[in-house]
Amino acid sequence: MKKVSLLFFATFFMLGIFNGLAQEEPIKKSTVVAAEDEDGPIMFKFEPNYVSQNEERKEVIAKTRKIIDTLQISERKRLKLIKDLYKNGLSKRLQKALLVDVKMPEVEE
């Protein structure tokens, strides 16, 4: 009896494996090139100079951050200014901190 039930179980197990394998579809490689790959991302249709604007913004942020790091202010205020810089660009608080009284020496001619 054990042999018959074992043979019965093994037969259904093997049929289950073969049926499971038969249900999978082979992976097909697509040879069609999408239009997006040829033209680039769709975003560039609407904003063609996005990359250059982003690079300019990063340069301004880096320059302003260097200026903020040289100021003689507390660490908390420095962090607030850096947060303002990244979130809002030049905010009123940031402009006030960066405002410097420049006195030019008089030149005698």
I need the [X] [atom1] to [Y] [atom2] distance, nearest 0.5 Å.
X     : Y     : atom1 : atom2 : result
Glu75 : Lys80 : CD    : NZ    : 12.5 Å
Tyr86 : Leu81 : OH    : CG    : 13.0 Å
Glu47 : Gln53 : CD    : CD    : 6.0 Å

In the structure I gave you, are the side-chain heavy atoms of Leu90 and Asp84 within less than 4.5 Å of one another anywhere?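 No, side chains not in contact.
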Using side-chain heavy atoms (C-beta onward) and a distance below 4.5 Å, is Ile68 in contact with Leu94?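 Yes - at least one pair of side-chain heavy atoms lies under 4.5 Å apart.
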Are Leu85 and Leu79 grouped together when hydrophobic residues (ILVMFWY) are joined by side-chain heavy atoms under 4.5 angstrom apart?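 Different clusters.
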With hydrophobic residues grouped by side-chain heavy-atom distances under 4.5 Å, do Leu99 and Val60 end up in a single group?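 No; Val60 is not reachable from Leu99 via cluster members.
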Can you check whether [Y]'s main-chain N or O pairs, donor with acceptor, with [X]'s side chain at less than 3.5 Å?
X     : Y     : value
Ser91 : Asn88 : no
Arg57 : Ser52 : no
Thr70 : Ile67 : yes

Shortest non-hydrogen contact from Ile82 to Arg65?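 Nearest heavy atoms, Ile82 then Arg65: CD1-NE, 3.6 Å.
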